[in-house]
Peer 1: 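A single structure is presented below for examination.
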Amino acid sequence: MQDAEKNIENNPIDKHEVDHTALLNAVKIYEERIKEIEGSVYWKAYLFFTKTKLILTSDSYLKSDKWRFFQRIRFLFSRPGLLLIKKFSLQLFNLIFGKVNRIIGIKPSENNQDYTLYKEKKFPRISDLKAMRENIINFSKSPSLELYVRVDNDNFKHLNVFLNALEKQIYTKFNVCFLVNDNSNLIHYTLNKVISRDEKYRAMALADLNTNSNSILGEYIIFTDLACVLAPSCLYEYINSINGVKLVDFIYSDNDFIYPLTETTDQTENPYFKPNWSPHTILSRNYIGNTFLVSKTLWKTIDSILVQNVYGLILQLSNRAKKVHHIAKILYHEFPESINFKKILNNHSALDAYLKSKNPTAFAKLSEESLGSFEPHFPLKENDLISIIIPCRNKANILDSCLRSVFEKSSYKHFEIIIIDNGSTEKSFSSTVAQWEFNYPEKIRCLRLDIPFNYSILNNTAVKYANGEYLLFLNNDTELISENLLEELLKIAQLDNVGVVGPKLLYPNDTLQHVGIVLSVDESGTHVYSGSHKDTAGYFNNTNCVTNYAAMTGACMMVKKERFEAIGGFDEHLAIDCNDVELCCRLISHGYFNVYVPWVKMYHYECLTRGNPILSKKSMANQNLEKNYFIEKWSDIINDDPFYNINLSRTSKYFEIGNE
């Protein structure tokens, strides 16, 4: 024993393997414990009560407690409030009923009730599958498909389940090619038996796959994995999209995951309802998944070596595609894998190589906040001047704090600040601005515009005086947390296909204020996860990863001046509400993508300057008029936010299943 320990000490490689094995065992133990805790009724009830508390306590930071009280009462009688009360009642009933079940010996169901209801409503019934089968003859295109199925020692145990799913497919014009990435004799022997029974099946080593080979049997290729169990309608839905979407050559879908319910049966849970094509989201994690379709023509444009890593393959194919299409339906069920550090490192290498193929000085970092996700980093193309535009009225102390945070904390110094004074009356404001102008005459200018408050006019006017190539619209009630905020936003804003860029904003009590805006919730958009703890991971890690959203908040948003002016700036019909979101919609309509960057942060003391508009009848009326104007103008995006999912809730900001 002592000799063995001595050998380990003398051999750092063996010691590393021992440490790695111990780490994996420890992680496995913790995973099992966490899963046990998260599956308990008490934990689910605790999460619900915590969420309810956050909703009722985080809407404002006004000093007067009486207004908070009335706001909460008013919220409870609103539609979201009534839905919340209803859900609370059901949760309480289920909690009590669950205790009764345990007392009398009935095992409580651990199914996700919302998803169970969704499946009952949305999954195809036998009659639906029959109608699909009969509809195939109406397709103008009925191309042959070839399924490339990855096989290795980890997923081989799912072979029978996968094969059974293939036999249930509605669309049957397909062949199967197993791509074997393991030298196991059992795998080769078993696959040979499977292949010998049906000429539609074949197998080859993954390393031998040649993307330029003439042996590809299908007009389209479906790349998948034995751990992905295809729904009966899967191939049919792919063909349906090929017939309905012009020029499409890359298709992906939603999926859920398979968890053991008993020793003999499984249950599908945890659906991943994905956004439409999101070119910056894919740079932080593989949101597309392990099953997707590509055209034969697109497949032949890549190197065979890329097939070795699914994430790298998706990066290359999706970004070369003429048209990427997302099917917002659960078309496969995946067996989840445990944490695989080797796979994480391989994915990191694939992303890093992809970024460097676009720009030799770009690189990927492992995310510090989300295991298995990444941070794409791009170089500054130029040391561009940033024009920081801050509209304000009075409140000198608030402006002073904002300016100090920029000058004292920002590591990027090539900026100018334009203060738009909207008719300030306080002498202290004039004094404060004068001192800043005197101390930084090359950096700060103050323009006075004494008009009724109109956020859009104020900022559009400031842009006319801006010298910077990039604009940062900034509220005065903000303070920098991250020193590198300006340059990190600039690096993303300099990319060719980017519209607006926004950081993570926190309330002063370290809860989330802004991590992106979804338009399909609350009719005109909502700040997802606002009021949640700052470390909330979100829906499949979307609060901690670079993510494309429909909109960013105007409290801190950067955009290239040339693009801002090309689309006409802010819509001046919107004086108070929806002006920032409307700008983002127009950028989307011009082919740009808006990007949320989570690793740079600011504090936002919301509504300190003008107060909360819902406390005044007049301001509430104006807000409603503008909201209706915005809804009418952008109803198409609001009804189907491309960066959300039609299967998710239209009333919840927490990416919950939409069973309204």
Side-chain angles (χ1 to χ4, degrees), residues 144-163 165-166 174-196 198-230 234-235 250-252 255 286 288-318 320 332 334-338 340-354 357 372:
S144 58
L145 304 175
E146 178 147 37
L147 276 67
Y148 281 165
V149 187
R150 288 173 62 94
V151 182
D152 56 38
N153 190 55
D154 292 329
N155 65 25
F156 179 68
K157 57 189 174 185
H158 306 305
L159 174 63
N160 288 345
V161 179
F162 181 86
L163 291 173
L166 288 186
F174 65 87
N175 296 285
V176 178
C177 178
F178 295 109
L179 304 177
V180 184
N181 194 30
D182 197 289
N183 293 322
S184 166
N185 291 330
L186 174 62
I187 292 177
H188 287 280
Y189 179 83
T190 304
L191 291 181
N192 284 335
K193 289 290 185 179
V194 172
I195 293 169
S196 64
D198 196 328
E199 62 182 9
K200 291 175 62 174
Y201 290 80
R202 62 185 177 128
M204 69 170 65
L206 178 63
D208 294 338
L209 180 63
N210 186 344
T211 57
N212 292 312
S213 172
N214 292 323
S215 64
I216 299 174
L217 301 180
E219 298 171 63
Y220 290 87
I221 295 166
I222 294 178
F223 199 87
T224 187
D225 187 294
L226 279 186
C228 299
V229 181
L230 307 186
C234 180
L235 303 188
F250 188 105
I251 303 175
Y252 65 100
N255 69 278
N286 176 18
I288 283 176
N290 291 315
T291 298
F292 51 90
L293 175 145
V294 297
S295 68
K296 183 177 180 178
T297 303
L298 177 60
W299 180 262
K300 287 189 172 185
T301 64
I302 62 168
D303 295 328
S304 300
I305 193 171
L306 292 172
V307 181
Q308 305 297 318
N309 181 272
V310 177
Y311 186 33
L313 180 64
I314 289 172
L315 287 168
Q316 293 288 346
L317 289 169
S318 60
R320 295 185 185 192
Y332 67 97
E334 184 169 355
F335 288 96
E337 59 183 358
S338 58
N340 187 326
F341 294 105
K342 182 178 179 180
K343 181 178 179 180
I344 291 173
L345 293 177
N346 288 340
N347 286 346
H348 173 253
S349 297
L351 175 60
D352 193 67
Y354 173 76
S357 71

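The basis for the numbers below is simple: all heavy atoms, side chains too, and nothing from hydrogens, waters or symmetry mates. We number each residue from 1, following the sequence as shown.
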Peer 1: Does the side chain of E146 reach to within under 4.5 Å of the side chain of I216, using non-hydrogen atoms?
Peer 2: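 Yes. Closest side-chain heavy atoms under 4.5 Å.
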Peer 1: Report yes if the side chains of L145 and L293 come closer than 4.5 Å at any heavy-atom pair, otherwise no.
Peer 2: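 Yes. Closest side-chain heavy atoms under 4.5 Å.
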Peer 1: Do L317 and F223 come within less than 4.5 Å of each other through their side chains, counting heavy atoms only?
Peer 2: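 Contact flag for L317/F223 side chains = no.
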Peer 1: Are any of the side-chain heavy atoms of W299 and L313 separated by less than 4.5 Å?
Peer 2: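 Contact flag for W299/L313 side chains = yes.
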Peer 1: Between the side chain of D198 and the main-chain N/O of Y201, is any donor-acceptor distance below 3.5 Å?
Peer 2: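 No, because the side chain of D198 does not come within donor-acceptor range (under 3.5 Å) of the backbone of Y201.
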Peer 1: Report yes or no: does N347 contribute a side-chain atom to a donor-acceptor pair with the main-chain N or O of G372 at less than 3.5 Å?
Peer 2: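 A pair under 3.5 Å: no.
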Peer 1: Check S357 against Q316 and note the closest heavy-atom contact, atom names and distance.
Peer 2: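 Looking at all heavy atoms of both residues, the closest pair is OG-NE2, 4.4 Å.
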Peer 1: Roughly how far apart are I344 CD1 and S349 OG, rounded to 0.5 Å?
Peer 2: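 Going from the CD1 atom of I344 to the OG atom of S349 covers 12.0 Å.
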Peer 1: F156 and L226: which non-hydrogen atoms are nearest, and at how many Å?
Peer 2: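 For F156 versus L226, the nearest heavy atoms are CA-CD1, 3.9 Å.
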Peer 1: Work out which heavy atom in R150 is nearest to a heavy atom in V310; give both atom names and the distance.
Peer 2: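 The answer is CD-CG2, 3.7 Å.
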Peer 1: Drop me the distance from Y148's OH to I221's CD1, to the nearest 0.5 angstrom.
Peer 2: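 With rounding to 0.5 Å, OH (Y148) is 4.5 Å from CD1 (I221).
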Peer 1: What are the two closest non-hydrogen atoms of S144 and L217, and how far apart are they?
Peer 2: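 It is OG-O, 3.6 Å.
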Peer 1: Pick one: which of I251, I222, I314 meets side chain to side chain contact (heavy atoms under 4.5 Å, CB included) with F292?
Peer 2: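 Option passing the side chain to side chain contact (heavy atoms under 4.5 Å, CB included) with F292: I314.
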Peer 1: Specify the closest pair of heavy atoms between R202 and I195, including all atoms of both residues, with the distance to one decimal.
Peer 2: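 It is C-CD1, 3.6 Å.
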Peer 1: Are side-chain N/O atoms of N290 and D225 paired as donor and acceptor at under 3.5 Å?
Peer 2: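 N290 vs D225: no donor-acceptor pair found between side chains.
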Peer 1: Enter the distance from N192:CG to I187:CD1 here, rounded to the nearest 0.5 Å.
Peer 2: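 Reported to 0.5 Å precision, the distance equals 12.0 Å.
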Peer 1: What's the separation between atom CD in Q308 and atom CG in L206, rounded to the nearest 0.5 Å?
Peer 2: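 Here the rounded value is 4.0 Å.
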Peer 1: Is N155 close to F335 at the side-chain level, that is, under 4.5 Å between some pair of heavy atoms?
Peer 2: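 No, their side chains stay 4.5 Å or more apart.
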Peer 1: Output the distance between atom CG (N309) and atom NZ (K343), rounded to the nearest 0.5 Å.
Peer 2: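 Here the interatomic distance stands at 8.5 Å.
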Peer 1: Could you tell me whether the side chain of L147 reaches within less than 4.5 Å of the side chain of L230, counting heavy atoms only?
Peer 2: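 When only atoms from C-beta onward are counted, L147 and L230 do touch, with a gap below 4.5 Å.
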Peer 1: To check you understand the geometry: which heavy-atom pair defines the closest contact between Y332 and I288, and what is its length?
Peer 2: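 For Y332 and I288, the tightest heavy-atom pair comes out as OH-O, 3.9 Å.
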Peer 1: Quick check for you: to the nearest 0.5 Å, what is the distance between L191 atom CG and L159 atom CG?
Peer 2: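 Answer for the CG-CG pair, L191 versus L159, is 6.0 Å.
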